[in-house]
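Beneath this line is the structure, given in structure tokens, with notes to follow.
Letters A, B, ... mirror the listed sequences (proteins, then strands); counts begin at 1.
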Amino acid sequence: MDKTYDPTLAEDNIYRMWEKGGYFTPKMPDKKALPAGRRAFSILLPLPNANDPMHMGHAMFVIQDIMIRYHRMLGDPTLWLPGGDHAGIETQFVFEKKLAKSGKSRFDFDRETLYRMIESFVEENKNINRNQMKRLGFSLDWTRYHYSLEPEIISIVLTTFRNMHADGLIYRDERLVNYCTKCGTSFSDLEIKHVEQIDPLYYMKYGPFVLATVRPETKFGDTAVAVHPKDKRYLRWVDKEIEVEGLIGKFTVKVIADSAIDPKFGTGVAKVTPAHDMTDFEIGKRHNLAIKQVIGFDGRLADAAGPYAGLKVKAAREKVATDLQTRGLIDHIDNNYTHTVGICYKCNTVLEPLPIPQWYVKTKPLAKPAIAAVKEGKTKIVPLKRFEKLYFRWLENITDWNISRQIVWGPRIPAWYCLDCNPTIRLTFLDKQGNKINGLYKDLQDRYSFEEIAKGLQNLMAPISATYTLYSRSCKTCRGSHVVQETDTFDTWFLSSQWPVTTLQVDNKKDFSYFYPTSVLDTMWDILFFWVARMMMMGLYKTGEVPFEAVHIHSRVVDAHGQKMSKSRGNVMDPIALVEKFGADALRFALVFGAAPGGDIAISEDKVRGMRNFANKLWNMARFIEMNIQTSQKFNFFENKNFESLQNNEEKQIINDLNKLTAHVTKCLDTYRFSDAAQALYDFAWHRVADVYLEKNKERFKMNEDQSLTVLLHVFHRILKLLHPFMPFITEELWNALPRKYDKPLIISSWPS
RNA sequence: GGGCUCAUAGCUCAGUUGGCUAGAGCGUUGCAUUGACAUUGCAAAGGUCCCAGGUUCAAAUCCUGGUGGGCCCACCA
């Protein structure tokens with residue numbers, strides 16, 4: 001053995017040996033034939049975006065590998081199932097950035113072409129993170145790898161959609177949606193980022209009133225003025241029509257009373273713009289107000305804004321404000337008004353609430369059983385009560401889920417519209433010459449053939465009244481074939497929320513019956529709502545059973561100063577670079593050591609180095625043992641025996657401590673206290689065995705005495721076993737380097753008790 | 001605006017239902033070391049456990065209030 005441990009030499013070979021041995025693929029004996037207390041154990045890897053290289057957050061999945069290796073050693077049929085996500089908007093966004101570098105944009109291509117381009121882009125990158133996970137030693141069953149866009153997986157997802165539609169859980173509706181005019185798509189409530197900002201609050205003269213608004217440019221879309229029903233100042237105006245002087249002429253609106261109006265805000269009077277404000281939209285529904293859209297999906301004012309048409313929202317606001325001022329229609333301006341606005345989490349553009357027909361999932365009926373399942377303990381959220389609270393609070397206040405995205409990257413919603421029956425469908429497509437055409441079908445059908453439209457199609461927008469059929473390429477009403485598929489694609493999370501079901505059902509039903517519900521879902525708190533809660537809802541809907549028995553919330557990896565890693569901070573660490581420098585085991589141990597569940601874990605190069613030193617310590621302990629052994633020596637192994645006959649006090653004591661350690665580590669692993677287990681192992685191996693026991697008894701070992709070496713070997717073997725889930729490579733390497741009783745790799749050796 | 005959470009050594013953090021003479025990693029200081037390992041060993045320094053009250057035989061741990069961070073949720077124009 002060399003003087004120091006070189007991980008780069010060992011790791012690759014060992015991983016290949018494991019893979020070749022098929023140890024990651026579970027044996028699935030009849031469940032009744034399993035020994036008492038043993039049962040199937042399964043974890044689904046939270047599927048990384050297929051086109052993303054690995055980051056520190058993924059490295060944290062080492063917690064799952066620890067559980068998986070532990071259960072494999074316990075003798076449980078153990079499955080850790082890997083996968084990759086097409087990651088809809090995320091991937092398309094990355095791809096569009098790439099396009100932008102070559103001076104192109106998504107709007108230069110029809111959807112078929114754009115889709116193919118993204119597809120091959122993902123295909124190029126798909127293997128990167130798979131190989132990286134192997135570098136970390138993850139014992140994933142690669143024979144069961146799945147990708148979210150496999151046709152069989154999509155087919156299961158679409159079946160869910162159809163069933164939900166039949167059950168009345170899917171519907172179309174036109175309401176205000178948070179829309180990013182830059183990314184060209186809507187988002188669900190969850191995806192909206194809120195930021196505080198200071199904007200001028202304009203107090204404008206409005207007929208007989210003065211009212212406060214930050215958005216004077218939406219004045220063209222006002223269809224009412226509202227006051228609080230109990231506001232005595234304005235009671236006499238309620239239900240009256242008032243005449244207002246506007247920038248493009250006088251108009252009349254009705255004064256309405258609605259309790260959504262806060263009498264204390266501004267002057268207690270608000271203009272109501274149902275097409276561009278969430279509150280106003282609700283008010284509009286209550287009072288049957290017209291919805292007058294004055295901002296388009298391109299973020300520019302529409303024709304209804306007269307001379308202001310074509311201006312972007314921000315420019316329009318400034319111009320409108322100035323013009324109002326020159327006309328003497330501004331009473332005063334509060335320049336220090338602080339409020340929060342919703343912005344796009346991808347590009348930070350202020351989101352525009354716009355009326356669009358979208359597909360929704362009715363969530364209340366789904367949330368109910370998901371809440372009950374956790375309350376009844378069918379799924380345990382560990383380790384912290386506070387995540388349960390979060391989970392309940394979100395599900396109890398859940399709003400319906402917008403699953404439409406106006407992007408190409410993902411499966412399209414399987415609804416077909418007949419253009420002949422729905423001539424007011426708005427179409428955007430590229431004609432044969434590549435010009436962008438936009439208009440209603442009834443205005444276009446004389447000039448363009450159906451085939452030309454269908455081929456160059458970028459987007460369609462069907463009015464909410466449009467009829468559609470699911471899964472049918474001919475119209476059921478007119479029997480015509482001028483049908484086009486909905487261009488909205490599914491929110492990625494609609495697919496990933498079904499992951500536990502799709503991945504286990506896709507190959508054969510046996511996996512599903514054997515491993516569902518899965519044992520643990522290990523993830524970080526940031527996708528508790530996005531993914532975990534939705535998997536609960538969808539899993540319960542599809543199977544009547546919870547998708548996992550426990551949810552473990554692992555730590556978030558932060559830098560040496562407790563700061564979140566981000567590109568803009570420039571403090572991102574590359575896990576693979578650390579593996580190359582210090583070895584996978586060192587990084588793995590560093591990620592676990594000192595990590596409190598649900599909290600933060602600080603990773604620095606110094607810390608990983610420290611853990612590399614620990615690996616080296618183990619190496620040298622083995623070297624010392626090897627030095628004192630003669631190759632011809634035959635050992636009387638005491639594995640799994642009590643050592644009750646030992647006379648030597650030192651030996652009795654170390655065996656006693658070793659057994660205590662074994663019980664402690666086992667208990668920690670059963671209760672998700674990975675850091676405690678790691679610290680106990682570190683402390684025992686280094687400070688109890690190496691520093692004390694070895695030093696004290698060096699002379700005896702050198703005498704090459706059979707018994708003392710047997711005890712030492714037993715202790716060391718035990719350490720390797722207990723440490724294996726944490727540091728799989730070096731433990732496997734050392735297991736192989738020393739004499740042992742069983743000729744099986746450590747990965748499938750039995751967990752000591 | 002509502003809620004959650006944190007505050008412990010120079011830094012990053014553990015501390016499981018109250019029993020601590022308060023720990024770890026990294027860092028610091030001194031000494032040692034051709035002998036498994038300088039990716040080492042021995043030793044040392046370093047903390048009014050944020051502040052003020054309270055409960056208790058006992059509080060870093062529980063309660064109340066305060067101060068200061070972090071986070072989540074939210075349609076007040």
query = Using a cut-off of 4.0 Å on non-hydrogen atoms, how would the nucleic acid contact of A:Phe281 be classed: base, sugar-phosphate, or nothing?
reply = nothing
remark   = Picking from B:A77, B:C37, B:G25, the nucleotide nearest the side-chain atoms of A:Lys3 would be B:C37
message = Using Watson-Crick or G-U wobble geometry with both distances under 3.5 Å, which nucleotide pairs with B:U40?
response = B:A32
request  = For the pair A:Lys362 and A:Asp400, find out whether any cationic side-chain nitrogen is under 4.0 Å from an anionic carboxylate oxygen.
outcome  = no
request  = Remember a base hit wins even if backbone is also touched, and classify A:Asp606 as base, sugar-phosphate or nothing at under 4.0 Å, heavy atoms.
outcome  = sugar-phosphate
task = Could you check which nucleotide pairs with B:C76 in any of the strands shown, counting Watson-Crick or G-U wobble with both distances under 3.5 Å?
result = none
task = For B:G47 versus B:G10, give the span between their P atoms, rounded off to a whole number of Å.
result = 7 Å
ask   = With no hydrogens and no angle check, do the side chains of A:Ser555 and A:Asp600 hold a donor and an acceptor under 3.5 Å apart?
value = no
key: Identified pairing partner of B:A22, criterion: Watson-Crick or G-U wobble below 3.5 Å   = none
query = Can A:Glu605 and A:Lys581 be counted as an ion pair, charged N to O under 4.0 angstrom?
reply = yes
message = Suppose you measure atom P in B:C11 against the same atom in B:G54; what distance do you get, rounded to whole Å?
response = 31 Å
message = Using atom C1' in both nucleotides, what's the gap between B:U64 and B:U28 to the nearest angstrom?
response = 41 Å
message = Without decimals, in angstroms, what is the distance between A:Glu396 CD and B:G3 P?
response = 15 Å
inquiry  = Using OP1 and OP2 only, check whether a side-chain N or O of A:Arg623 sits under 4.0 Å from B:C37.
reply    = yes
key: Residue mapping more 5' on RNA chain B - nearest nucleotide basis, A:Thr267 or A:Ala622   = A:Ala622
request  = May I ask you to decide if A:Arg215's main-chain N or O and A:Thr213's side chain share a donor-acceptor pair within less than 3.5 Å?
outcome  = yes
request  = Quote, to the nearest angstrom, the C1' distance that separates B:U16 from B:A52.
outcome  = 29 Å
note = Of the listed B:A77, B:U39, B:C37, the closest approach to the A:Thr213 side chain comes from B:A77
task = For A:Leu211, answer base if it contacts any base atom (sugar-phosphate contacts may also be present), sugar-phosphate if it contacts only those atoms, and nothing otherwise; contact means non-hydrogen atoms under 4.0 Å.
result = nothing
Could you list all N or O pairs between the protein and nucleotides 41-46 of chain B that sit under 3.5 Å apart?
| from | atom 1 | to | atom 2 | distance (Å) |
| --- | --- | --- | --- | --- |
| B:G41 | OP1 | A:Trp686 | NE1 | 2.2 |

task = Answer yes or no: is there a donor N or O on one side and an acceptor on the other, between the side chain of A:Ser186 and the main chain of A:Tyr179, under 3.5 Å?
result = no
request  = Could you verify whether a donor N or O on one side chain and an acceptor N or O on the other, from A:Ser188 and A:Glu191, lie under 3.5 Å apart?
outcome  = yes
key: Nucleotide of B:C37, B:A77, B:C75 approaching A:Thr279 most closely (side-chain heavy atoms)   = B:C75
ask   = Between A:Asn613 and A:Gly610, which is nearer to the 5' end of RNA chain B once each is assigned its nearest nucleotide?
value = A:Gly610
message = Rounding to an integer number of angstrom, what distance separates B:U8 and B:G3 when you compare their P atoms?
response = 26 Å
ask   = Which one, B:A77, B:U5, B:A74, comes nearest to the side chain of A:Lys389?
value = B:U5
request  = Compute the ring centroids of A:Phe614 and A:Phe593, then answer whether they are less than 6.0 Å apart.
outcome  = no
message = If I take atom CE in residue A:Met621 and atom P in nucleotide B:G35, what distance separates them, rounded to the nearest angstrom?
response = 19 Å
task = Check the distance between B:A77's C1' and A:Met278's CE and give it to me in whole angstrom.
result = 14 Å
query = If you look at every strand shown and take non-hydrogen atoms under 4.0 Å, does A:Arg609 touch a base, only sugar-phosphate, or nothing?
reply = nothing
query = Reckon A:Arg215 touches a base, only the sugar-phosphate, or nothing at all at heavy-atom distances under 4.0 Å?
reply = nothing
ask   = Mind checking whether A:Met278 and A:Asn178 have side chains closer than 4.5 Å, heavy atoms only?
value = yes
inquiry  = Please report the distance, rounded to the nearest Å, between CG in A:Leu528 and C1' in B:U5.
reply    = 15 Å
message = In whole Å, I'd like the distance from the CG atom of A:Asp2 to the P atom of B:U39.
response = 15 Å
ask   = Taking atom NZ of A:Lys364 as the centre, does the number of heavy atoms from other residues, nucleotides or ligands within less than 6.0 Å exceed 12?
value = yes
query = Does any nucleotide pair with B:A52 by Watson-Crick or G-U wobble geometry, both distances under 3.5 Å, and what is it?
reply = B:U64
query = Does a sphere of radius 6.0 Å around NZ in A:Lys696 hold more than 12 heavy atoms from other residues, nucleotides or ligands, not counting ones at 6.0 Å or beyond?
reply = no
request  = Could you measure between the two P atoms, the one in B:G2 and the one in B:A60, and give it in whole Å?
outcome  = 33 Å
message = Tell me whether the rings of A:Phe701 and A:Phe624 are parallel (<30°), tilted (30 to 60°) or perpendicular (>60°).
response = perpendicular
Nucleotide B:C4, atom P - distance to CG of A:Leu390 in whole Å = 10 Å
key: Any A:Tyr337 side-chain N or O less than 4.0 Å from OP1/OP2 of B:A77   = yes
request  = Please state the P separation for the pair B:A22 and B:C50 - nearest whole angstrom.
outcome  = 15 Å
key: Closest listed nucleotide, where the reference is the side chain of A:Phe593 and the choices are B:G25, B:U39, B:A36   = B:G25
request  = Scan every strand shown for a Watson-Crick or G-U wobble partner of B:G47, both distances under 3.5 Å, and answer none if you come up empty.
outcome  = none
Please tabulate the protein-to-nucleotide N/O contacts below 3.5 Å involving nucleotides 11-13 of chain B, giving atom names and distances.
| from | atom 1 | to | atom 2 | distance (Å) |
| --- | --- | --- | --- | --- |
| B:U12 | O4' | A:Ala560 | O | 3.3 |
| B:C13 | O2' | A:Gly594 | O | 3.3 |

ask   = Rounding to a whole Å, what distance do you find between A:Tyr391:OH and B:C71:P?
value = 26 Å
query = A:Arg534 pairs by side chain to side chain contact (heavy atoms under 4.5 Å, CB included) with which of A:Leu190, A:Leu366, A:Leu395, A:Thr363?
reply = A:Leu190
ask   = What interatomic distance, in whole Å, is found between P of B:A36 and the corresponding atom of B:A14?
value = 38 Å
request  = Say whether A:Tyr693 and A:Asp657, considering side chains only, have a donor N or O and an acceptor N or O under 3.5 Å apart.
outcome  = no
request  = Look at the side chain of A:Trp525 and decide which nucleotide, out of B:A14, B:C76, B:C71, has an atom nearest to it.
outcome  = B:C71
request  = Please report, rounded to the nearest Å, how far the P atom of B:A77 is from the NE2 atom of A:His339.
outcome  = 6 Å
